[in-house]
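The structure appears below as structure tokens.
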Amino acid sequence: MLTNLHIENIAIIDSLDVEITSGFVVLTGETGAGKSIIIDAINMLLGERVSRDMVRTGEKKAFVSAVFTDIDESICNKLEELGYGADPEVILSRELSAEGKSVARINGRPVSVSILREIGTKLVNIHGQHDNTALLDPEVHIYYLDKYAKNEAVKNEYYEAYCKAIGIKRKIEALSANESEKEKRIEILKYHINEIETAALKEDEDKQLEKRQEILANSEKILDSLNAVRNLLSNDDVNVHDMIASCIRESKLLSRYDNSQNYVNEKLIDISENINEIIENLNQYSDKLDFDPNELDLIEERLDFIHRLKMKYGDSIEAIFDYLAKAQKELESIEFSDVLLQDLTEEFKIAKAEMRAKSQALTATRVEAAAKLEIAMIETLSFLEMPKVRFAVNIRNKKFDKTGSDEVEFLLSANVGEDLKPLNKIASGGELSRIMLSIKNVLADNSIQTMIFDEVDTGISGKAAQKVAIKLKEMSACGQVLVITHLAQIAAYADTHFKIVKETVNDRTHTVLTQLSHEERRQELARIMGGINITESLLATADEMLRTSHTI
């Protein structure tokens with residue numbers, strides 16, 4: 001249940017805090033006072049797409065947060081699964097900068113907008129005018145029927161079977177490509193495979209060649225440096241090797257007279273051995289040096305060839321090997337496609353039979369639910385001042401798709417003697433509002449404890465409006481119902497009544513939301529009914545409406 005809503009710097013709302021009670025809550029106010037802005041703010045909180053134009057003029061960012069308490073166990077489990085705790089209280093928040101950047105949080109921890117939307121839609125259901133319009137599209141009717149049937153498990157089983165069958169079918173279609181295309185593909189694959197295999201590439205060959213290329217390109221510098229080091233160590237008239245030998249001789253004399261200096265002689269001997277080892281290593285390296293003037297050309301040609309292969313098959317030798325393996329596998333599958341096609345055809349028969357069986361099971365849930373939905377809808381619509389209504393759920397066969405093999409459409413006859421027809425052929429605005437309210441009523445999901453109706457009163461008045469109010473009041477017994485309305489008949493039935501007012505202070509427009517007392521409700525109901533002139537007669541009518549509403 002939504003217990004607290006905080007809005008900052010959204011459109012004409014600079015700062016708004018409201019504590020919201022359970023039961024039936026209504027919001028009234030003049031057109032343009034900001035009622036729709038509150039709905040926009042809640043939609044923003046629920047992860048809907050937002051525009052930076054929502055940020056109040058002159059401000060750097062907008063912010064909205066809400067506290068929900070008494071959270072349903074399934075939502076707590078989902079929060080725990082996502083790592084946001086399982087506390088039966090949850091805080092959603094979202095910040096929008098003037099540059100259009102958005103930051104969403106659950107219980108103070110950053111989340112993606114998709115997760116915010118996933119959790120938000122489980123907490124709040126908002127019904128607006130677009131829902132009435134959407135009701136005219138038969139494609140959404142199957143969604144409502146399935147929700148009423150509570151057939152999620154059966155739908156999932158069918159969808160898995162459908163995906164399996166479609167996957168096999170696509171493989172069959174790919175293998176059944178015309179023979180000329182298959183031959184072309186075989187020719188291309190064979191050429192690629194032969195080119196790579198003939199290249200006889202070795203692992204890391206390019207890196208080894210590049211290393212050798214660098215040595216050959218700098219052969220003169222290498223020889224110069226090698227000879228310089230060898231000369232300094234042993235070849236020159238004055239060299240390190242002979243100098244260390246002289247040092248060793250002298251150190252022996254030193255240690256003969258003072259054995260505390262033995263370590264000098266030992267260290268010099270170590271140095272001499274290391275130098276001898278270095279000289280030997282350099283001599284061996286010199287013997288192995290072979291700078292063939294043609295080798296550099298051959299290496300560069302090989303590297304150029306490998307580069308061309310990389311451009312065709314991958315950006316590394318490893319990638320070229322991967323391409324080769326895939327090409328060989330594809331060639332094998334094409335060459336043995338007839339056998340594979342036969343196997344897949346058998347698999348498809350089995351998968352299609354399973355899909356058909358799952359589809360029939362899904363259809364059965366819909367047919368059973370349709371009969372019950374028709375009765376429930378007629379009962380609710382009759383209560384909402386459509387006493388002669390007939391409502392039917394038409395289920396027709398269609399080609400298999402991800403929803404099954406059923407095409408669902410709601411049909412209506414509002415008057416005696418009229419045939420059942422699609423909603424988009426006959427339903428008026430007021431009828432659509434009542435049909436949608438009836439659907440929301442019969443599909444009421446107790447796990448969603450907050451339902452918001454934005455202008456549910458469109459196209460209705462008089463006794464029908466009062467019946468709508470009674471139905472909304474009944475729905476609030478199972479969860480919180482918030483309604484934005486322009487009708488006194490609906491507002492009178494509220495457990496809690498808020499009024500939204502637009503004010504101008506210091507040349508800036510502000511929106512103020514106030515919870516009304518009993519006397520203030522009398523005044524507001526009279527204003528809604530009579531406009532500017534609030535007469536004693538209107539106040540008396542408001543009193544009567546409030547008394548009547550509390551007898552329900």
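Counting from 1, the numbers follow the sequence of the chain as shown.
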- request: Would you check, one step at a time, whether the test side-chain hydrogen bond (donor to acceptor under 3.5 Å, both in side chains) holds for T28 with E524?
  value: CA-CA 8 Å; T28 61; E524 177 64 2; 2.8 Å; yes
- request: Step by step, work out the side-chain hydrogen bond (donor to acceptor under 3.5 Å, both in side chains) result for K398 and T403.
  value: CA-CA 10 Å; K398 68 174 182 182; T403 64; 2.9 Å; yes
- prompt: Going through the distances and angles, do S517 and E520 end up as a side-chain hydrogen bond (donor to acceptor under 3.5 Å, both in side chains)?
  reply: CA-CA 5 Å; S517 64; E520 288 168 334; 3.3 Å; yes
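With contacts defined as side-chain heavy-atom distances shorter than 4.5 Å, the pair M436/Y144 qualifies. At a threshold of 4.5 Å between non-hydrogen side-chain atoms, the residues F63 and R94 do not count as touching.
When only modelled atom types and interatomic distance are considered, K440 and N125 share a side-chain donor-acceptor pair under 3.5 Å. Under 3.5 Å, the side chains of N77 and E80 contain no donor-acceptor pair of N or O atoms. Side-chain contact annotation: E409 with N394, donor-acceptor N/O pair under 3.5 Å absent. Side-chain N/O atoms of E418 and S413 include no donor and acceptor closer than 3.5 Å. Under 3.5 Å, the side chains of R52 and S97 contain no donor-acceptor pair of N or O atoms. For the residue pair N397/S405, the side-chain donor-acceptor check at 3.5 Å is not satisfied. A donor-acceptor pair shorter than 3.5 Å can be found between the side chains of S114 and S112. A side-chain donor from one of H6 and E8 sits under 3.5 Å from a side-chain acceptor of the other.
Between E385 and R434 no salt bridge is recorded (no basic side-chain N to carboxylate O distance below 4.0 Å). Ion pair E173/R170 not flagged as a salt bridge, since none of the NZ, NE, NH1 or NH2 atoms sits closer than 4.0 Å to an Asp/Glu carboxylate oxygen. Taking the charged nitrogens against the carboxylate oxygens, K164 and E160 have no contact shorter than 4.0 Å, which rules out a salt bridge. Electrostatic pairing of D406 and R396 does not count as a salt bridge here, judged by no charged N lying under 4.0 Å from a carboxylate O.
Taking the centre and axis of the six-membered ring of Y493, the NZ or CZ atom of K473 falls outside the cone set by 45° and 6.0 Å. Judged by the 6.0 Å and 45° rule, K402 forms no cation-pi pair with Y159.
When all heavy atoms are compared, the tightest approach of I10 to R56 is N-CB, 4.3 Å. Summarising the geometry of A469 relative to I490, their closest heavy-atom pair is CB-CA, 3.6 Å, with the distance given to 0.1 Å.
Using cut-offs of 30° and 60° for the angle between ring planes, the F391 and F410 rings count as tilted.
Atom CD of E379 is surrounded by 12 or fewer heavy atoms from other residues, nucleotides or ligands within 6.0 Å.
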